[in-house]
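Just so it is clear, the model here is predicted, and its values are computed rather than measured. Every chain is numbered from 1, with letters handed out A, B, ... down the list of sequences.
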2 protein chains.
Amino acid sequence: MKLHQLRYIREVARQGLNVSLAAEALHTSQPGVSKQIQLLEEELDLQIFKRNGKRLIGVTEPGRIILERAEQVLREMENIKRVGEEFTHDDTGSLTIATTHTQARYRLPPAVTGFIEKYPGVRLTIHQGSPSQVAEQVVAAEADIGIATEAIADYPELVCLPCYQWNRCVVVPKGHPLLKDTPLTLEKIARYPVVTYDFAFTGGSLMTRTFAEKGLHPNFVLTAIDADVIKTYVTLGLGIGLLAKMAYDPDRDVGLEMLDASHLFPPSTTYVAIRRDSYLRGYMYGFIQMLAPHLDRKVVDAALKHSS
Amino acid sequence: MKLHQLRYIREVARQGLNVSLAAEALHTSQPGVSKQIQLLEEELDLQIFKRNGKRLIGVTEPGRIILERAEQVLREMENIKRVGEEFTHDDTGSLTIATTHTQARYRLPPAVTGFIEKYPGVRLTIHQGSPSQVAEQVVAAEADIGIATEAIADYPELVCLPCYQWNRCVVVPKGHPLLKDTPLTLEKIARYPVVTYDFAFTGGSLMTRTFAEKGLHPNFVLTAIDADVIKTYVTLGLGIGLLAKMAYDPDRDVGLEMLDASHLFPPSTTYVAIRRDSYLRGYMYGFIQMLAPHLDRKVVDAALKHSS
DNA sequence: CAACGTTACGCTCTTCGTAAAGATG
DNA sequence: CATCTTTACGAAGAGCGTAACGTTG
């Protein structure tokens, strides 16, 4: 059993059971891939792929299990390589962060600025997506770190660390009647059309639940994945905006006013998610701590170890 | 980076940093091992082993991490091999169980009997040891399954499943005054010299704690790791025995009488422990269920998946 | 000097790529 | 018949073992 053979079956599976594509992706010849897969199947004495004549048409039950395990092995090999890099070039490498729009736009910038200043040799990449996409990317080891608020604690492969809490606010166009009608309540919000996050997104489902508990069903005229889109439509007078307080910027959002709504909704917690089995580079610990000072190396290591 | 290289560094570490011994254990030549380790270190661009001239005298910090990861990789390769065996020879293989004396002697026999009847092709091995030794063996993948009562839930690498509960009894020589002095209490037990389990062993520490809570400090004249030893000395009149109820056999223990002590001590739970990342053969599920019928394949898989 | 690790070298086995042949839809 | 997989074969390369050399305590 050779590592190459595991790489080959993984790539074939990833390329939709197309051996030719896999060979190309691996910068090798197609017959070589074919051969190695046969050898592996012969050694294990079972079929990994279902075939119809010469075509691969599926993955067998044992094949599925083997593919999972193979991924694990290859990830761990990556980790070993990382250890080498960490100890010889501890200030160069790459960091890929998966996160949602709101975090990327309003919460990460200071940490990112500090990071590129402290670790100029590290290539930083940010992938944006829905919370579940964020989680999936970390699970698939396409991202080193995931930052999101929802749907991220349910993956057994991930360790989640509470990063910070936040709450919501209402934004309205200047001169809106709600500005004088204090204090703000859920009932008053529900009288107006509401523009807010897409339900799949940060805190979306929690908001509807909070309204529903009071028997309220506001008119959600528009749901977006993007706080800037929400604010744009509020400016246009489409309705009032309900979004993360951190997404309101008094300097920039000149046509809008903000009303704190922290007392109306339970606070949400944003988490940092890491694969349990990943080996973290020094600068990754650095980034996490810049984002949440209480998450120092010890805390993160303890969380990783606690259930590895 | 080759799998062989990982095997080599693992074996060298295991053999106390002796390359020659490692080469022998791996059935290969010593220079080959030396060479491959050098190549690996060169590729990773760091030292795995500390050297004094040509002697290996220690493991470097990155080396320690790499060795851990290498073990993980090699274990996972073992698992893949197992998958092959499971699907081609699903009724042959081996099962190694690590457990304590009391479990092996009084609780496992029916399950073992049933097992060898149902799976005659599987070679069964039982390793006996203290609870911590049991746990260590499972962690080191020297045993597939660990069965013990204490000190086994603290290993993050292991998943523990509650197997069954049990409690204690007092055994006394025939005609002992305690037999007529009902009901049995802790105070009455403490009046006599006590023969019981070694403190490191099943329920030992729990018993002393229970006595101490009542301000009692019985005279433990002998502590043993073995229920049969305890009973032997009780027969000899050294004191009264305090042991697991399952360890009393009315047919065999002819010179002894048993007094239930379940009401005096909190019940203990015996757990089955498995490495989180191990691939279980079908017959392993079979054995576990024979031992504890509620632990069917679904339950075990759920527990393994829940935190892998 | 005895035990241990490294270097040197020739041999073997594996792997890879190219070319050709066989299946599939 | 275009696409995809397998078979065949020759060349390059990696790993292994023996033997000789260098170090360590």
Side-chain angles (χ1 to χ4, degrees), chain A residues 1-60 63 66-67 70 73-74 77 80-81 84, chain B residues 1-60 63 66-67 70 73-74 77 80-81 84:
Chain A
M1 219 179 339
K2 302 252 154 45
L3 281 175
H4 265 141
Q5 298 174 329
L6 301 186
R7 286 208 187 85
Y8 288 0
I9 60 170
R10 176 178 69 171
E11 198 58 39
V12 168
R14 284 187 178 172
Q15 299 288 348
L17 305 175
N18 185 319
V19 179
S20 306
L21 284 180
E24 198 174 336
L26 293 163
H27 308 293
T28 186
S29 72
Q30 183 271 327
V33 175
S34 221
K35 189 79 185 292
Q36 290 306 317
I37 293 177
Q38 287 172 48
L39 284 175
L40 178 60
E41 292 189 339
E42 195 179 313
E43 179 177 348
L44 296 176
D45 200 15
L46 56 80
Q47 296 248 123
I48 295 172
F49 298 106
K50 284 185 206 157
R51 290 150 218 258
N52 191 352
K54 295 196 168 183
R55 298 293 166 96
L56 306 193
I57 57 163
V59 176
T60 63
I66 288 171
L67 280 165
V73 168
L74 296 169
M77 292 300 283
I80 292 176
K81 218 160 63 187
Chain B
M1 218 177 344
K2 304 255 154 45
L3 280 175
H4 264 143
Q5 299 173 329
L6 301 187
R7 285 208 189 87
Y8 288 1
I9 60 170
R10 178 179 68 171
E11 198 57 38
V12 168
R14 284 186 177 173
Q15 299 287 349
L17 306 176
N18 184 319
V19 179
S20 305
L21 284 180
E24 199 174 335
L26 293 162
H27 307 292
T28 185
S29 73
Q30 182 270 326
V33 176
S34 221
K35 189 82 188 289
Q36 291 304 318
I37 293 176
Q38 288 172 49
L39 284 175
L40 179 59
E41 291 189 325
E42 195 180 313
E43 179 176 348
L44 297 176
D45 199 16
L46 56 79
Q47 296 247 124
I48 294 171
F49 297 107
K50 286 186 205 155
R51 289 152 219 256
N52 190 354
K54 296 195 168 183
R55 299 293 165 96
L56 306 194
I57 56 163
V59 176
T60 63
I66 289 171
L67 280 166
V73 168
L74 296 170
M77 292 300 284
I80 291 177
K81 217 159 64 187

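- Residue A:Leu40 holds its CG atom at 6.5 Å from CG of A:Leu6, rounded to the nearest 0.5 Å.
- Per the geometry, CZ belonging to A:Phe49 stands 18 Å off P belonging to C:dT24, to the nearest Å.
- In this structure, CD1 of B:Ile37 is placed 16 Å from C1' of C:dT7, rounded to the nearest angstrom.
- In this structure, B:Gln38 places its CD atom 13 Å from C1' of C:dA8, rounding to the nearest Å.
- The interatomic distance linking A:Met1 (CE) with C:dT14 (P) rounds to 16 Å, in whole Å.
- Taking atom CD on B:Glu41 and atom P on C:dG5, their separation rounds to 13 Å, with Å as the unit.
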Mark up nucleotides 15-25 of chain D, 5' to 3', with B wherever a protein heavy atom is under 4.0 angstrom from a base atom, S wherever such an atom reaches only the sugar-phosphate, and - elsewhere.
SSBBB--BBBS

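- With sequence neighbours excluded, the residues that form a side-chain hydrogen bond (donor to acceptor under 3.5 Å, both in side chains) with B:Lys81 are B:Glu78.
- For the segment residues 14-21 of chain A, the set of residues with a heavy atom within less than 4.0 Å of an atom of DNA chain C is empty.
- Residues in residues 1-54 of chain B take part in these ring pair (Phe, Tyr, Trp, His ring centres under 6.0 Å) pairs, two or more places apart or across chains: B:His4-B:Tyr8.
- For residues 45-54 of chain B, the pairs satisfying side-chain hydrogen bond (donor to acceptor under 3.5 Å, both in side chains) are B:Glu41-B:Arg51, with sequence neighbours left out.
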Donor-acceptor contacts, no H, no angles, side chain residues 12-19 of chain A, under 3.5 Å, sequence neighbours left out:
unit_1	atom_1	unit_2	atom_2	d
A:Gln15	NE2	A:Glu11	OE2	2.8
A:Asn18	OD1	A:Ser20	N	2.9
A:Asn18	OD1	A:Leu21	N	3.0

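- A donor-acceptor contact shorter than 3.5 Å links the side chain of B:Glu43 to the backbone of B:Met1.
- D:dA14 atom P lies 17 Å from atom CG of B:Leu3, rounded to whole Å.
- Side-chain atoms of B:Ile80 and A:Leu44, non-hydrogen and from C-beta on, do get closer than 4.5 Å to each other.
- Atom CD of A:Gln30 has more than 12 neighbouring heavy atoms from other residues, nucleotides or ligands inside a 6.0 Å radius.
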